[in-house]
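A short write-up of the structure that comes next.
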There are 2 protein chains.
Amino acid sequence: MRDERRPTLTDVARRAGVSKSLVSIVMRDEPGAGAETRRRVLEAAEALGYQPDSRARLLRSGRSRLLGVVFGLQHPFHADLVTGLYTAARETGYELALSAVTPERDEPEAITSLLRDRCEALILLGPRSTAAVLARLAARRPVVVLARSVRDAAVDVVRTADARGLHLAVDHLAGLGHRAIAHIDGGRAPGAADRRRGYRDAMRRHGLSDRMTILPGGLTESDGAAAARTLLTDRPTAVTVFNDRCATGVLDVLTRAGVGVPGEISVVGYDDSSLARLAHVDLTTVAQDVPSMTRLAVARATDRLEGAPVARREVVVPPRLVVRGTTGPAYPG
Amino acid sequence: MRDERRPTLTDVARRAGVSKSLVSIVMRDEPGAGAETRRRVLEAAEALGYQPDSRARLLRSGRSRLLGVVFGLQHPFHADLVTGLYTAARETGYELALSAVTPERDEPEAITSLLRDRCEALILLGPRSTAAVLARLAARRPVVVLARSVRDAAVDVVRTADARGLHLAVDHLAGLGHRAIAHIDGGRAPGAADRRRGYRDAMRRHGLSDRMTILPGGLTESDGAAAARTLLTDRPTAVTVFNDRCATGVLDVLTRAGVGVPGEISVVGYDDSSLARLAHVDLTTVAQDVPSMTRLAVARATDRLEGAPVARREVVVPPRLVVRGTTGPAYPG
DNA sequence: CGCATCATCTGGAACGTTCCAGGGCGCACC
DNA sequence: GGTGCGCCCTGGAACGTTCCAGATGATGCG
């Protein structure tokens with residue numbers, strides 16, 4: 001009824017009048033088959049609606065050519081990264097297996113499911129696991145951590161120079177004449193510590209140590225909104241925010257309160273997520289170089305798998321400032 | 001070096017001094033093994049760090065117990081749905097295989113990759129493929145389409161009563177005294193047609209046929225922003241929007257233009273995505289019942305697989321109006 | 001005592017691939 | 001006109017499981 005057995009190599013072989021080995025060769029597009037036969041085999045495969053069984057294929061070849069990716073479904077920036085990983089993986093001939101972390105599905109669970117599927121390497125987006133857990137994992141197969149730093153010799157890291165990112169932001173604002181520049185931070189989120197440090201460094205470098213203000217924030221819009229309300233009472237002329245999502249919340253509260261942006265307060269986000277690029281948000285932001293990061297992450301994973309020599313355990317990608325409409329000259333005075 | 005071969009059934013069998021068949025039985029927790037032997041086998045497996053190879057397992061047993069899910073990485077509502085699918089699947093003993101659609105990876109590609117992985121059924125979130133393509137797919141294995149309607153007897157559909165959703169929205173607004181109620185639509189997006197129709201019906205029912213205004217919108221914030229700019233010139237007192245994302249764009253433009261919400265214009269979104277729930281957005285919206293929809297979608301897929309009788313091909317879930325802060329009484333007059 | 005029964009265990013054949021060691025066969029070359 | 005060398009192509013053994021048809025031995029029963 002429902003399940004007339006799905007066609008296999010043997011079926012195609014029979015129809016084309018050749019051996020299954022030959023069909024296998026043709027399907028993999030390997031040398032070793034004549035042009036005419038090749039055509040006939042492909043025709044037969046097409047007619048039967050044959051699709052190779054990747055399970056059997058991988059079982060036999062011993063390799064899965066599968067990169068496991070753990071990401072947070074609720075993070076728009078993770079969506080951007082996964083998008084980049086897909087295209088990076090395509091170029092290398094590896095496939096991606098996605099495993100999401102949701103409120104009801106934690107990181108360990110997401111990881112185990114990938115391991116059962118025989119992923120050869122793991123790419124983790126901003127994982128919450130401790131360095132020890134990650135190290136244990138890395139002992140069994142290559143692990144690449146994306147967008148977070150990990151102090152462990154066994155795990156590879158690809159991340160943005162987050163401290164540098166905040167230098168860019170503060171330099172930009174200081175250049176516009178701002179002095180009272182606040183920072184809304186990301187708490188324990190991956191990358192938050194580095195950005196906080198970058199902010200402090202840059203302020204000191206500009207001789208603004210006494211104007212430093214760090215407000216507790218987070219990674220969501222509501223975290224930003226909450227922080228912005230604090231901002232209204234003791235008002236700086238500019239603020240750098242942990243990420244774009246959080247910055248959106250800040251913008252929203254400011255706009256509603258009638259505070260002009262960038263007239264009265266300039267705002268700088270982080271990530272250059274699709275959010276920031278929206279015409280009506282038009283957020284000045286520190287861009288993470290998603291294409292490079294994802295390409296590097298995939299390259300690192302495959303290099304480890306293929307035993308290629310790996311130069312540095314940690315690759316740090318420079319950020320780039322994207323100036324848009326939410327920053328402008330400081331109020332005179 | 002990296003890869004000392006991972007232990008197999010045979011390794012465990014040798015260590016425990018039994019046959020591999022017996023180990024298989026023990027690992028699957030099936031009857032047919034004595035208590036003492038069972039203990040010894042488990043001990044050996046533990047010692048070797050044995051993990052079953054799901055690929056080999058599925059290859060042999062002919063079943064994969066895998067549900068393929070195609071979703072759009074950039075849609076927050078899809079993220080909500082996938083989250084729900086994960087928990088629904090867990091309850092039934094099936095696993096999910098995710099395959100994302102991105103700007104560089106189209107729907108056919110996402111689907112093919114799932115087919116190669118031998119997914120037993122496909123769950124497609126708001127797919128863009130034509131009914132004909134979906135039907136062809138459904139001929140080979142169960143296909144459940146989520147959040148879109150499809151006129152084809154072969155594919156199952158689980159969707160919200162979208163027309164009804166707009167009835168709720170319009171009724172609510174009319175009840176607040178609104179007469180000039182506009183609708184910003186979703187164009188060719190899944191569900192858009194039904195919502196548009198629901199809007200028209202409801203307006204007619206309230207005797208407001210001559211006050212109907214349908215503005216072209218879309219599913220993103222910038223679509224909403226664009227539509228909102230049109231709105232500013234010929235201003236209604238209320239507007240129903242295709243989805244929450246689009247409504248956010250509308251809100252943003254209105255707020256920036258100094259138009260009070262809900263003072264001067266009331267806004268109703270659609271989806272009740274996490275976006276709408278944010279304290280500072282606080283969007284009145286039509287909620288889709290994600291837990292029910294996802295549970296139904298998974299149940300439908302597994303029912304088909306197990307040959308259970310299926311009552312209706314299409315399951316329509318009622319929406320629910322969530323009144324928050326963006327709607328209020330119409331201006332007197 | 002012989003035979004059926006039961007629980008426990010084993011060996012080997014699948015599953016759909018890939019990989020390897022060849023088998024023909026035509027053709028150039030000495 | 002053999003010999004050797006390419007090219008196509010084939011058959012069968014793996015890969016790590018599950019499944020099935022028994023083997024074995026203990027036990028119960030007439």
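What you are looking at is a predicted structure, and each value in this text was computed from that prediction instead of being measured. Every chain is numbered from 1 and lettered A, B, ... according to where its sequence line falls, protein lines coming before strand lines.
Electrostatic pairing of B:Glu104 and A:Arg90 does not count as a salt bridge here, judged by no charged N lying under 4.0 Å from a carboxylate O. Contact check on B:Asp303 versus B:Arg300 returns no salt bridge, with no Lys/Arg side-chain nitrogen under 4.0 Å from an Asp/Glu carboxylate oxygen.
Contact annotation for B:Ser54: no contact, since no heavy-atom pair falls under 4.0 Å across all strands. Among the heavy atoms of the strands lying under 4.0 Å from A:Pro52 are primed sugar atoms or P, OP1, OP2 only; no base atom is included. Here B:Arg55 lies out of heavy-atom contact (under 4.0 Å) with every strand.
Here side chain to side chain donor-acceptor pair (under 3.5 Å) pairs that include residues 43-53 of chain B, with residues two or more places apart or in two chains, are A:Arg118-B:Asp53, B:Arg6-B:Gln51, B:Arg39-B:Glu43, B:Asp53-B:Arg55.
Just one residue in the list B:Leu125, B:Leu73, B:Ile123 forms a side-chain contact (heavy atoms from CB on, under 4.5 Å) with B:Val82, and that residue is B:Leu125. Partner of A:Asp156 under the salt bridge (Lys or Arg N to Asp or Glu O under 4.0 Å) criterion, chosen from A:Arg304, A:Arg141, A:Arg148: A:Arg304.
Listed for the A:Thr112 side chain is a donor-acceptor partner under 3.5 Å among the backbone atoms of A:Pro108. Between the side chain of B:Arg151 and the backbone N or O of B:Ala131, no donor-acceptor pair lies under 3.5 Å. Side-chain atoms of B:Tyr94 do not come within 3.5 Å of backbone N or O of B:Ala301 as any donor-acceptor pair.
Computed from coordinates, the A:Leu58 CG to C:dT17 P distance equals 11 Å when rounded to whole Å. Atom CG in A:Leu22 sits roughly 5 Å away from atom P in D:dC9 (whole-Å rounding). As rounded to whole Å, 13 Å separates atom C1' of D:dA13 from atom CG of A:Leu59. Between the CG atom of B:Leu9 and the P atom of C:dT10 there is a distance of 13 Å, given to the nearest Å. Distance CE (B:Met27) to P (D:dG16): 15 Å, rounded to an integer number of Å. In this entry the distance linking CD of A:Gln51 with C1' of C:dT17 reads 15 Å, nearest Å. B:Arg116 places its CZ atom 12 Å from the P atom of C:dT17, with the value rounded to the nearest Å. One can place CG of A:Leu48 at 14 Å from P of C:dG16, the figure rounded to the nearest angstrom.
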Summary of protein contacts for nucleotides 21-28 of chain D, nucleotide by nucleotide, where a base hit scores B, a sugar-phosphate-only hit scores S (4.0 Å, heavy atoms): --------

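Remark: A:Thr37 is in phosphate contact with D:dC9, judged by side-chain N or O atoms under 4.0 Å from OP1 or OP2. For the pair B:Arg28 and D:dC19, the criterion of a side-chain N or O lying under 4.0 Å from OP1 or OP2 is met.
Judged purely by distance below 3.5 Å, without hydrogens or angles, the side chains of A:Ser24 and A:Arg28 pair a donor atom with an acceptor atom.
Contact of B:Ser19 with C:dG11 (side chain to base): no donor-acceptor pair of N or O atoms is detected under 3.5 Å. One can find a donor-acceptor pair under 3.5 Å joining the base of D:dC19 and the side-chain atoms of B:Ser21. For A:Arg60 against C:dT18, a side-chain N or O and a base N or O form a donor-acceptor pair under 3.5 Å. The base of C:dT17 lies outside donor-acceptor range of the side chain of A:Arg57, with no N or O pair under 3.5 Å.
Between C:dT17, C:dT18, D:dC9, one nucleotide has an atom nearer to the side chain of A:Thr8 than all others, and that is C:dT17. Side-chain proximity of B:Ala56 to D:dC9, D:dG16, C:dT18: nearest is D:dG16.
Where B:Glu30 and A:Ser61 meet DNA chain D, the nucleotide closest to each residue was compared, and A:Ser61 sits on the side nearer the 5' end. Residue whose closest nucleotide on DNA chain C sits further toward the 5' end, between B:Lys20 and A:Tyr50: B:Lys20.
The CZ atom of A:Arg38 sits 6.0 Å away from atom CG of A:Asp29, with the distance rounded to the nearest 0.5 Å. Atom-to-atom distance recorded for B:Leu59:CG and A:Arg57:CZ is 13.5 Å, nearest 0.5 angstrom.
Rotation axes derived from the C1' atoms of the five outermost pairs at either end of the helix from C:dC1-D:dG30 to C:dC30-D:dG1 lie 60° apart, to the nearest 10°.
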